[in-house]
S.K.: 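This structure is in structure tokens; I'll ask about it shortly.
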Amino acid sequence: MNENNDATHDQLPDRLSTDPKSPYYNADLLARDIGIRFKGIEKTNVEEYCVSEGWVRVTAGAAKDRYGNPLTIKVHGPVEPYFRDKG
């Protein structure tokens, strides 16, 4: 692995959100195919995660809040983000 190029481009942040209003939103990273393993199971409905605090925020079905945003639930456990294209 080329440490100079790959280390900076293939490092996922401790916290990442899909909400553009969040301070943890990063469009460049989200453009890549990011996968999340939560408690060893692949999750596809993760809105936000935090590795150091050990939680993910997942959508709660089709429910919406009063502003039309999807309702989310914070669930605690081991979080493993990864780039799917790296295998």
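Here, residue 1 is the first one in the sequence, and each next residue gets the next number. Note that the structure is a prediction, hence the values are computed from the model and not measured. The basis for the numbers below is simple: all heavy atoms, side chains too, and nothing from hydrogens, waters or symmetry mates.
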S.K.: Please tabulate, for side-chain N and O atoms in residues 68-78, each donor-acceptor pair with protein atoms closer than 3.5 Å (sequence neighbours left out).
M.R.:
none

S.K.: What salt bridge (Lys or Arg N to Asp or Glu O under 4.0 Å) pairs are there with at least one residue in residues 56-73, not counting sequence neighbours?
M.R.: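 Listed by first then second residue: nothing to list.
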
S.K.: Residues two or more places apart in sequence or in another chain: which of them pass salt bridge (charged side-chain N to carboxylate O under 4.0 Å, His left out) with Glu53?
M.R.: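 Scan of Glu53 (salt bridge (charged side-chain N to carboxylate O under 4.0 Å, His left out), adjacent residues dropped) gives none.
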
S.K.: Can you find a side-chain donor-acceptor pair between Tyr82 and Glu42 that sits under 3.5 Å?
M.R.: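 Yes, Glu42 and Tyr82 have a side-chain donor paired with an acceptor closer than 3.5 Å.
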
S.K.: If you compare all heavy atoms of Val46 against all heavy atoms of Thr18, which two are closest, and at what distance to 0.1 Å?
M.R.: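 Residues Val46 and Thr18, closest heavy atoms: O-CG2, 4.2 Å.
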
S.K.: What's the separation between atom OH in Tyr24 and atom CG in Leu29, rounded to the nearest 0.5 Å?
M.R.: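 Taking OH in Tyr24 and CG in Leu29, the distance rounds to 15.0 Å.
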
S.K.: How many angstroms lie between CD1 in Ile36 and CZ in Arg84, if you round to the nearest 0.5 Å?
M.R.: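 So the CD1 of Ile36 and the CZ of Arg84 are separated by 8.5 Å.
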
S.K.: Can you list every salt bridge (Lys or Arg N to Asp or Glu O under 4.0 Å) pair that touches residues 11-22, not counting sequence neighbours?
M.R.: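 Listed by first then second residue: Arg15-Glu48.
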
S.K.: Are Trp55 and Ile34 co-members of a hydrophobic cluster defined by side-chain heavy atoms under 4.5 Å apart?
M.R.: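 No: no chain of side-chain contacts under 4.5 Å links Ile34 to Trp55.
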
S.K.: Mind listing the closest non-hydrogen atom pair of Asn26 and Asp28 along with its distance?
M.R.: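 In this case the closest contact between Asn26 and Asp28 is OD1-N, 3.1 Å.
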
S.K.: Looking at side-chain heavy atoms only, is the closest gap between Asp33 and Asp85 below 4.5 Å?
M.R.: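 Not touching, per the 4.5 Å side-chain cut-off.
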
S.K.: Going by side chain to side chain donor-acceptor pair (under 3.5 Å), name the residues that satisfy it together with Ser17, two or more places apart in sequence or in a different chain.
M.R.: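 By the side chain to side chain donor-acceptor pair (under 3.5 Å) rule, Ser17 matches no residue at all.
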
